[in-house]
Amino acid sequence: MDLGLKDRVYVATGATRGLGNATARELVADGAKVVLTGRDERTAAAAAAELGPNAVGVAADNGDPEAPARLIAAAREHFAGFHGVLVSVGGPPPGFAADNTDAQWSAAFESVFMGAVRMARTAAAELTEGGVIGFVLSGSVYEPVPGLTISNGLRPGLAGLAKSLADELGPRGIRVVGLLPARIDTDRVRELDAASADPAATRREQESRIPLRRYGRPEEFGRVAAFALSPAASYLTGLMLPVDGGALRGF
C-alpha cells in the first residue's frame with residue numbers, strides 16, 4: 001500500500017528514542033523527510049544520522065516557547081516544506097498523588113502539556129490543506145495507569161485539546177489524531193518495570209493483562225503512527241487510536 005509519504009516533511013519531537021524515534025524511522029522508510037528533536041544536540045544529530053539524508057536532528061526542549069517556530073523553520077530550510085508534526089515527549093515522573101511534588105507537576109505541565117499546546121498551535125498556523133497534527137498520548141486517556149498519576153492528569157487534557165483542534169482545523173482540511181500506546185517495549189517502559197521489586201514478574205503480570213500476551217515492539221507503534229500521519233489516512237481525524245495489543249477494554 002502506498003501511503004503517499006514520498007517527499008512529505010514532518011517534525012517529530014522527542015524522537016531520539018522511543019516511540020517518536022520509531023515513528024520517524026517508519027516515516028523515512030516510506031519516503032518522508034523528518035526533522036527530529038531531542039534535548040541534546042549530539043544525540044539528535046546521531047539519531048538523524050542513523051536514518052540517512054532524509055532526516056535532520058535539531059536540539060530542542062519541548063518546554064521552550066521558541067522551539068515550535070524554530071523547528072518548522074528548520075523543516076522548511078532543510079526540506080523546503082512542512083506537512084505535519086508528531087508531538088511526542090518523554091513521560092513525566094512516576095509516582096502516586098501523595099508522592100508527586102508541586103515542582104514535578106509544574107515541570108511536567110510545562111513540558112508535556114504546554115509544550116504540546118504550543119507545538120500544535122504553531123503548526124496549525126503554518127499547515128495547509130492535507131496537513132496533520134499527531135499526539136503521542138497514552139491509554140491513560142481512558143483508563144488511569146497505577147503509579148503514573150501525573151501522566152494520568154495530563155494526557156486526557158491533551159486528548160481534549162486534540163478533539164477541539166480537529167473541530168477547529170477540519171474546515172481547513174487539516175487533520176488531528178491521537179495515538180494511545182500502552183506497554184510498548186521502549187526504554188521508558190523498561191525503566192518503569194525496573195522500578196518494581198521484581199521487574200521480570202512485573203512484566204509477566206503486565207503481559208497477562210494484554211490479549212496478545214506480549215509487549216508491543218516500537219516498530220509496530222511506528223507503522224501505525226506513520227499511517228495515521230500519512231495521506232492514506234485522509235478521512236481520519238479527531239480519533240484516539242489505541243496501539244496496545246487490546247489492553248484497553250472499553251468500546
Side-chain angles (χ1 to χ4, degrees), residues 1-62 64-89 115-136 162 165-166 168-177 179 222-237:
M1 180 178 179
D2 181 2
L3 298 182
L5 284 168
K6 183 172 174 56
D7 294 331
R8 289 180 68 84
V9 182
Y10 295 87
V11 170
T13 70
T16 58
R17 64 175 192 160
L19 302 179
N21 184 262
T23 303
R25 286 180 179 277
E26 299 300 329
L27 288 170
V28 169
D30 266 278
K33 299 173 181 180
V34 176
V35 172
L36 63 84
T37 81
R39 290 187 178 183
D40 178 76
E41 185 173 352
R42 182 177 299 179
T43 303
E50 288 186 6
L51 302 186
N54 284 343
V56 168
V58 176
D61 187 327
N62 276 32
D64 177 5
E66 306 300 321
R70 186 161 58 87
L71 294 173
I72 294 170
R76 297 194 189 282
E77 175 187 351
H78 288 283
F79 301 124
F82 174 59
H83 301 99
V85 59
L86 179 77
V87 185
S88 176
V89 297
V117 169
R118 294 186 190 106
M119 187 72 241
R121 186 171 58 206
T122 305
E126 296 282 342
L127 288 168
T128 57
E129 184 173 0
V132 60
I133 299 170
F135 294 91
V136 179
L165 282 172
E168 295 171 19
L169 301 179
R172 290 171 47 198
I174 298 169
R175 300 185 300 109
V176 185
V177 296
L179 298 149
R223 291 182 198 125
V224 175
F227 167 73
L229 294 170
S230 78
S234 58
Y235 204 56
L236 296 181
T237 194

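- Each of Val177, Val87, Val89, Leu86 was scored for a side chain to side chain contact (heavy atoms under 4.5 Å, CB included) with Phe135, with one residue passing: Val87.
- Closest approach of Thr16 to Ala44, counting heavy atoms only: CG2-CA, 3.7 Å.
- To the nearest 0.5 angstrom, Thr122 atom OG1 is 10.5 Å from Leu127 atom CG.
- Expressed to the nearest 0.5 Å, how far CG of Leu71 lies from OG1 of Thr13 amounts to 8.0 Å.
- For Arg42, the CZ atom sits in a loose shell: 12 or fewer heavy atoms of surrounding residues, nucleotides or ligands are nearer than 6.0 Å.
- Taken from NZ in Lys6 to CG in Asn54, the straight-line distance is 8.0 Å, to the nearest 0.5 Å.
- Scanning both residues, Arg175 and Leu236, for their nearest heavy atoms gives NH1-O, 2.8 Å.
- Contact annotation: the side chain of Pro231 never approaches that of Leu3 to less than 4.5 Å [non-hydrogen atoms, C-beta and beyond].
- For Arg70, the CZ atom sits in a packed shell: over 12 heavy atoms of surrounding residues, nucleotides or ligands are nearer than 6.0 Å.
- Summarising the geometry of Val9 relative to Gly81, their closest heavy-atom pair is CG1-O, 3.3 Å, with the distance given to 0.1 Å.
- Among all heavy-atom pairs drawn from Leu51 and Val28, the shortest one is O-CG1, 3.6 Å.
- Val11 and Ala75 make their closest contact through CG2-CB, 4.1 Å (heavy atoms, listed as atom of the first residue, atom of the second, distance).
- In this structure, CD in Glu129 is found 12.0 Å from NE2 in His83, a value given to the nearest 0.5 Å.
- Between Asp61 atom CG and Thr37 atom OG1 the span is 9.0 Å, to the nearest 0.5 Å.
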**Message:** With side-chain contact (heavy atoms from CB on, under 4.5 Å) as the criterion, how do Val35 and Phe82 come out once you've worked through the C-alpha distance, each side chain's angles and the decisive distance to 0.1 Å?
**Reply:** CA-CA 10 Å; Val35 172; Phe82 174 59; over 6 Å; no
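- The minimum heavy-atom distance between Ala124 and Ile174, with the atom names listed, is O-CD1, 4.3 Å.
- The side-chain heavy atoms of Glu50 and Arg25, taken from C-beta on, include a pair separated by under 4.5 Å.
- Inter-residue side-chain proximity for Leu229 and Thr23 is flagged as met; some heavy-atom pair is nearer than 4.5 Å.
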